[in-house]
Number of protein chains: 2
Amino acid sequence: MSPSKAAQLNPKTRDALTAAQLYYLQDLTMDAIAHELHTSRSSVSRLLGHARETGLVEIQVRSPLDMPRQLEGDIRAQFGITAHVVPVPDQTSDVERLDRVALSAARILGGFIDSNMSLGVAWGSTMSALSRHLLSKATHNSTVVQLNGAANPRTTGILYASEILQRFGSAYGATVQQFPVPAVFDDPATKAALWRERSISRVVEMQKTLDTIVFGLGSPFAGVPSHVYIGGYLDDDDFAQLRATGAVGDIATVFYREDGSSDGIPLNDRSSGPSLDVLRGIARRVCVVSGESKLQTLRGALAARLITDLIVDSGTARKLLAG
Amino acid sequence: MSPSKAAQLNPKTRDALTAAQLYYLQDLTMDAIAHELHTSRSSVSRLLGHARETGLVEIQVRSPLDMPRQLEGDIRAQFGITAHVVPVPDQTSDVERLDRVALSAARILGGFIDSNMSLGVAWGSTMSALSRHLLSKATHNSTVVQLNGAANPRTTGILYASEILQRFGSAYGATVQQFPVPAVFDDPATKAALWRERSISRVVEMQKTLDTIVFGLGSPFAGVPSHVYIGGYLDDDDFAQLRATGAVGDIATVFYREDGSSDGIPLNDRSSGPSLDVLRGIARRVCVVSGESKLQTLRGALAARLITDLIVDSGTARKLLAG
DNA sequence: AAACCCGATGCACAAACGTGCAAGGAGTCC
DNA sequence: GGACTCCTTGCACGTTTGTGCATCGGGTTT
């Protein structure tokens with residue numbers, strides 16, 4: 001009877017789609033939808049949750065064209081980048097602030113991802129939080145690539161970093177490219193040798209042709225130390241050296257100063273992350289920052305032109321502009 | 001202190017925007033938002049309603065790319081047009097069905113509208129329902145043009161038609177172009193004379209260069225008669241004549257047969273609506289149909305290639321394909 | 001076949017939400 | 001100044017929604 005083959009799709013997805021139509025586009029109550037779908041209201045509630053999580057429903061909040069958002073416009077004017085300011089009340093705890101920024105970042109990131117795309121991701125507490133909030137979005141032929149190694153003298157770090165990577169991969173239906181090397185090498189010669197290994201150099205080459213990267217900022221000397229600095233990745237000598245050379249932060253374990261320079265920071269020769277020049281060659285560089293302790297670090301990254309899209313909480317955004 | 005002039009925007013809109021961000025993007029409860037905005041929860045509820053109505057929040061339901069919606073794909077395959085099928089259970093009353101289709105149509109239409117655009121709108125029960133559900137969307141320099149007159153021997157029809165027009169105008173911030181003429185002239189010569197008046201010919205010319213039009217279908221002989229046919233627009237002779245010439249429906253009081261032809265239907269010479277050739281010259285022609293009583297009428301409009309985008313309830317869509 | 005696991009379901013309850021209503025301004029007219 | 005309208009606010013109530021829990025059924029392991 002039907003002009004084409006019967007629906008061959010997952011019935012759960014089909015129901016979720018119908019429910020979403022009825023709920024979001026026709027304003028029916030879940031009760032009414034339950035009746036139409038011959039199920040219970042609670043199932044409809046779960047169905048809708050499923051629809052939201054899997055990206056069947058997309059909710060956008062857009063400021064009217066005639067009133068660009070204040071802080072975001074100011075940041076564009078001053079730094080020449082696109083900003084997404086996440087409103088968070090000032091007295092919020094650091095933990096909650098990070099979580100709320102990460103939640104928004106995850107949504108925004110979904111808009112940047114598409115088929116045939118390669119995405120580089122760093123790791124750290126910001127990326128970990130972000131990865132937990134990703135909304136799935138079906139893509140074809142896309143790849144998620146780890147930016148820097150996660151092994152340190154204590155652990156291989158593979159579990160931690162790969163958990164983040166995997167979440168990205170499954171959210172976007174992308175293949176995942178791990179990078180099983182130490183975060184920071186003891187001996188730069190070892191790094192050079194390893195970089196000649198085909199299995200490793202393949203990933204290094206992929207990193208150079210990424211379409212988009214996402215990262216948080218590491219701030220070694222800020223009040224709240226980043227994951228990198230309490231995980232045993234660096235020893236006391238390393239810290240002393242960083243301080244002596246004036247480093248204020250890192251992206252994927254590659255360090256820079258507040259003025260944006262990074263020459264003559266010896267640690268970078270031992271780092272597994274892509275050089276800042278490589279990063280600057282990537283078209284879209286999404287930076288997620290939460291909390292004023294990262295302010296100095298953020299200034300450095302901006303001075304180094306390492307960021308094209310910034311996602312930041314409102315308090316930090318204000319301080320950034322005020323300073 | 002602030003790097004740019006303080007926010008000069010409507011505080012209500014600003015709050016609505018913030019609330020929408022917090023609610024839809026950060027999943028806070030209204031209570032929490034009320035606390036952050038220093039207002040009551042009920043105000044936040046209203047604020048969010050305002051945000052949805054004014055298009056600050058946009059909710060899309062998109063089927064995953066790998067499973068295009070069944071009926072819509074079938075309709076495209078068979079008729080070469082874009083369809084939006086609105087799921088409605090079969091036993092729904094005609095009134096509710098119309099309302100639900102109109103609600104969805106209003107949302108979909110919002111996606112078609114943009115600045116610098118001219119939109120032609122018909123009138124009738126479908127358009128009336130549609131107009132009541134429009135979501136506002138700010139545009140510049142756009143115009144809404146009435147497609148056909150609404151006066152009849154009993155009333156000037158201005159109130160009825162202009163109410164619809166006004167709703168479109170205020171939803172999109174567009175200027176409204178009325179068309180104060182009878183729906184159907186008694187004497188074609190009067191129409192010809194009036195068409196030479198500059199005030200009228202201006203509108204007639206505008207109709208020829210529209211970017212988009214929206215209309216329902218009139219079905220004179222269907223079980224449920226359309227607004228046009230019970231409002232005193234046509235007399236018994238007119239009906240007899242329509243039946244004799246094989247007309248099955250009209251768009252903006254211009255009639256056509258089931259095979260799509262419209263030559264030799266005398267009533268069309270007296271009608272105030274744009275000729276079907278004019279309609280076919282318009283890039284996007286959005287048709288809203290609800291209920292199986294319009295099936296035959298819909299077939300005619302499709303045969304006449306009068307539709308580029310069809311918004312239709314699921315039952316009618318199925319019947320359309322089955323027939 | 002029994003034991004087990006896992007996801008889906010509906011129930012019941014608490015939490016979250018929409019809205020009629022009356023009260024409280026702000027502005028306007030007399 | 002008083003009386004009026006019009007808009008906004010918070011409250012209170014009934015409705016709608018999220019979710020822990022117990023249950024159930026299909027599939028897999030032992």
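Below, read A as the first sequence line, B as the second, and so on, with proteins coming before strands; counting in each chain starts at 1.
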Discussion item. I need a per-nucleotide contact map over nucleotides 19-26 of chain D, read 5' to 3'. Cutoff is protein heavy atoms under 4.0 Å; write B for the base, S for backbone only, - otherwise.
Written reply: BB------
Item to complete: Please check if any side-chain donor atom of A:S125 sits under 3.5 Å from a side-chain acceptor atom of A:S128, or the reverse.
Response: no
Discussion item. Under a 3.5 Å threshold, yes or no: a donor from one side chain and an acceptor from the other, between A:R76 and A:T82?
Written reply: yes
Practice prompt. May I have the distance from B:I33 (atom CD1) to D:dG10 (atom P), rounded to whole angstrom?
Written response: 15 Å
Practice prompt. Decide yes or no for B:Y23 and B:I33: does some side-chain heavy atom of the first lie under 4.5 Å from some side-chain heavy atom of the second?
Written response: yes
Worksheet item: When the distance from NZ of B:K12 to C1' of D:dC6 is rounded to whole Å, what number comes out?
Response: 13 Å
Discussion item. Between P on D:dC11 and CG on B:D31, what's the gap in Å once rounded to a whole number?
Written reply: 11 Å
Practice prompt. Report the distance from atom CG of A:N116 to atom CG of A:D114, rounding to the nearest 0.5 Å.
Written response: 8.0 Å
Worksheet item: Under a criterion of less than 4.0 angstrom to any heavy atom of chain B, what are the 5'-terminal and 3'-terminal contacting nucleotides of DNA chain C?
Response: C:dA16 to C:dG20
Worksheet item: Whole Å only: how far is the CG atom of A:D27 from the C1' atom of D:dT16?
Response: 13 Å
Worksheet entry | Partner set under ring-ring contact (aromatic ring centres under 6.0 Å, His included) for A:Y172, not counting sequence neighbours | none
Worksheet item: Rounding to a whole Å, what distance do you find between A:M30:CE and D:dT17:P?
Response: 5 Å
Fill in: Donor + acceptor pair across side chains of B:D313, B:T316 (<3.5 Å)
yes
Discussion item. Quick check: do B:V145 and B:V121 have side-chain heavy atoms less than 4.5 Å from each other?
Written reply: no
Item to complete: Answer yes or no: does a side-chain N or O of A:Y23 lie under 4.0 Å from OP1 or OP2 of D:dT17?
Response: yes
Fill in: Student check: side-chain heavy atoms of A:Y24 and A:L48 closer than 4.5 Å
yes
